[in-house]
Trainee: 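Mind having a look at this structure? Questions to follow.
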Amino acid sequence: MVSTLNNPWFVFLAETARDEAERQGYVARIFDSQNNTSLESNHIENAIALGYQAILLNATDSDGSIANARKAISAGIPVFCMDREVNDAAAATSQIVSDSYAGCVELGKLFVSTLGKEGNYVELLGLVGDNNTWNRSKGFHHVVDHFPRWRMVAQQSADFDRNKAMEVLESTLQAHPDIDAVFCGNDAMAMGAYQALAAAGKSSTVKVFGFDGSEDAVQSIAAGGVYATVMQFPEIIAKTAVRCAIAHFEGKTSFPAKTLVGVELVTPKNIDAYAGFGQQ
Amino acid sequence: MPRWSVWKNAIRFAAVGVVIFLSVRIEPLESRLQREKVFDVEAYVNGLLHDSLAAPIATAPEICALLGRLSSATDAEWASLGRQTAIGSRYCFLVRGTGIVERVEADAVVLRLTDSGRSCDVRVATEYVFGNEIRDATGMVRLEDFDDLTTFNQVSEFINERIRTQVLPPFVNEVRSHDTVDVVGACCINKRLMGVEDVELVPLKLNILR
């Protein structure tokens, strides 16, 4: 059950989980929650009614999805969260998440070591109800805020969405034309931001930083567009979740509350070692 | 005029009221629960740095010898030599060594170390100390021992703060090219990218030998 299929990263996550489950001999189906907790709730009820025995959940909202996940747990169906946390350990059997905070600490280090110790930047946040949004932002700020001559001239949410990011940055550039960098909470927004900068003739002077390691961002880094991203490994997340579900079917009852999946910094220097979605 | 007994009763009630007021404190349940759960990260980090790490540091491998071993290590050897807190290719190591300062850069000191008949160059970070290298390399700080990721991340923040404020300033002020330096620290190496990326050491202890 995936938060949205409107972002290629989540499509890859969902399809990898489904394909892996089928490869292991299980029946699997993808439900698209379209970033809507009510729809997610309906999907959970349907999944229970249809007799699915485990839910691999990419939650739409860290708080808003708790009640939905609890419904499955109450019905005796294990819930394994993929990539997105729910803020209640009892609402999930186990949560397999990227180490977003650590990734953005590394990105913050790259940001200041590349651009120097002063300048102006814009931050584009993801969905405000998602923990990943804040873990990424906090990791980045944990580093950059140590350098007081870096000034964040605007911080706005663009909901992890490429088009919204483009619109937000276009209007931000009207008020703050003199920026040196844009930090984005995911690659879709980084691509949208880059598009806005290109349209304004600023793409060669303003560096864009993203997060995810999506295919288009990796290609953009290789082509000298987006400057850097943090590679997540959705294949590892999906396969670990499937492995946990199978272990549960086989009688395992104890799982770690959280499992971290490592992330890696992708820069123009090491871009040759990467392809989209963590593939090598 | 009220009688003295009325005054006495009034004073008694007032005294009881004051006692009750002083002995009862009302606060929102949420903040009370929050307060009770607070884990003293600073004390935990103090204990880690001052007591718990002594043994692992004493047995930490020498840097060049470790890098030499890793260059031809199997997956199982990486797993036995290194520590991980996340699934992936990145392993962290506590290491030590003695080297000559090759050059002092704005954000690092480059050391040429020689141990076990092998030489290697290592960058010692002096500016951007923000990551999880030390926390993860100790192998003693495990996610499952913490309620949440925020506290787990705070362990690194406190460790790094200590290094930035106590370990680095005296060293950075004194160090010169050609100095001999004793270093204990941590580095994290991506198994898949070994050789592609420079090895950078986050120092835990630095001592200039003069």
Side-chain angles (χ1 to χ4, degrees), chain A residues 85 87 89 95-114 116-117 131-132 134-135 138-147 231-233 235-237 239-240 243 254-267 269-274 278 280, chain B residues 30 37 78 82-92 105-108 123 125-137 141-161 163-165 168 188-198 200 202:
Chain A
E85 287 175 84
N87 290 330
Q95 309 200 45
I96 300 119
V97 295
S98 287
D99 197 351
S100 290
Y101 179 90
C104 283
V105 165
E106 294 302 315
L107 199 69
K109 279 161 65 179
L110 179 75
F111 185 94
V112 285
S113 63
T114 306
K117 292 182 185 172
N131 280 8
N132 284 337
W134 300 111
N135 287 336
K138 277 194 260 177
F140 179 79
H141 283 282
H142 172 59
V143 181
V144 177
D145 291 359
H146 276 270
F147 299 89
M231 181 64 72
Q232 296 195 82
F233 294 88
E235 187 177 343
I236 295 178
I237 296 173
K239 287 184 174 174
T240 304
R243 235 188 344 264
S254 171
F255 293 88
K258 276 187 192 134
T259 299
L260 287 177
V261 175
V263 294
E264 298 176 10
L265 198 58
V266 182
T267 69
K269 195 176 161 193
N270 67 11
I271 185 70
D272 292 341
Y274 294 95
Q280 294 144 34
Chain B
E30 233 172 58
K37 274 202 293 191
W78 274 85
R83 307 282 185 184
Q84 286 189 299
T85 52
I87 301 173
S89 310
R90 192 172 186 253
Y91 292 82
C92 299
E105 298 179 348
D107 57 1
R123 285 170 59 82
T126 55
E127 176 79 27
Y128 304 115
V129 174
F130 294 99
N132 296 324
E133 288 86 351
I134 290 174
R135 181 197 69 187
D136 294 353
V141 189
R142 300 178 319 156
L143 176 58
E144 54 265 40
D145 296 335
F146 292 83
D147 285 341
D148 57 84
L149 277 173
T150 303
T151 314
F152 188 57
N153 290 328
Q154 278 175 345
V155 173
S156 282
E157 291 171 9
F158 273 99
I159 292 172
N160 294 331
E161 176 75 18
I163 293 163
R164 287 196 305 267
T165 57
L168 287 174
C188 294
I189 302 172
N190 189 319
K191 177 163 61 94
R192 222 162 37 79
L193 300 179
M194 193 175 174
V196 176
E197 295 184 331
D198 296 334
E200 186 168 88
V202 175

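As a basis for the values below, the full set of heavy atoms in this structure was taken, side chains included, without hydrogen atoms, waters or symmetry mates. Order of the sequence lines fixes the chain letters, A, B, ..., with proteins taken first and strands second; residue numbering starts at 1 for each chain. Just so we're clear, the structure is a prediction, and the values are computed from it rather than from any experiment.
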Trainee: With respect to chain B, which residue among A:Thr240, A:Val112, A:Asn131 yields the maximal number of heavy-atom pairs within a distance under 4.5 Å?
Mentor: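 With the most close heavy-atom pairs to chain B, the winner is A:Val112.
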
Trainee: Is B:Phe146 in contact with chain A via its backbone, its side chain, both, or neither, using a 4.5 Å heavy-atom distance?
Mentor: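 Looking at B:Phe146, nothing touches chain A.
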
Trainee: Hey, can you tell me if A:Phe147 and B:Tyr128 have their rings parallel, tilted or perpendicular (30° and 60° cut-offs)?
Mentor: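 Plane angle between 30° and 60°, so tilted.
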
Trainee: Is it the case that the side chain of B:Arg135 and the backbone of B:Ile159 share a donor-acceptor pair, with hydrogens and angles ignored and the cut-off at 3.5 Å?
Mentor: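 No.
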
Trainee: Report yes or no: does A:Gln95 contribute a side-chain atom to a donor-acceptor pair with the main-chain N or O of A:Ala257 at less than 3.5 Å?
Mentor: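 Looks like no, no N/O pair under 3.5 Å.
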
Trainee: Name the region of B:Glu127, side chain, backbone, both or neither, that has any atom closer than 4.5 Å to a heavy atom of chain A.
Mentor: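 Side chain only.
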
Trainee: Side chain from CB out, backbone as N, CA, C, O: work out which of these in B:Thr150 comes under 4.5 Å of a heavy atom of chain A, or both, or neither.
Mentor: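 Side chain only.
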
Trainee: Judged by atom type as modelled, is there a donor-acceptor pair below 3.5 Å linking the side chain of A:Ser113 to the main-chain atoms of A:Leu110?
Mentor: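 Yes, A:Ser113 side chain to A:Leu110 backbone: donor-acceptor pair under 3.5 Å.
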
Trainee: Using heavy-atom distances under 4.5 Å, tell me whether A:Ser98 contacts chain B through its side chain, its backbone, both, or neither.
Mentor: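 For A:Ser98, there is no contact with chain B at all, as no heavy atom is under 4.5 Å.
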
Trainee: Assign the ring pair B:Trp78 / B:Tyr91 to parallel, tilted or perpendicular, where the plane angle (0 to 90°) is split at 30° and 60°.
Mentor: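 Plane angle between 30° and 60°, so tilted.
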
Trainee: Given heavy-atom pairs under 4.5 angstrom as the criterion, report whether the side chain, backbone, both or neither of A:Val105 touches chain B.
Mentor: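 Just the side chain, heavy atoms under 4.5 Å.
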
Trainee: Looking at every non-hydrogen atom in both residues, tell me the closest pair between B:Cys92 and B:Asp136 and how far apart they are.
Mentor: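 Result for this residue pair: SG-CB, 3.8 Å.
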
Trainee: Between B:Asn132, B:Asn160, B:Asn153, which residue shows the highest count of heavy-atom pairs closer than 4.5 Å to chain A?
Mentor: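 Ranked by heavy-atom pairs under 4.5 Å with chain A, first place is B:Asn153.
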
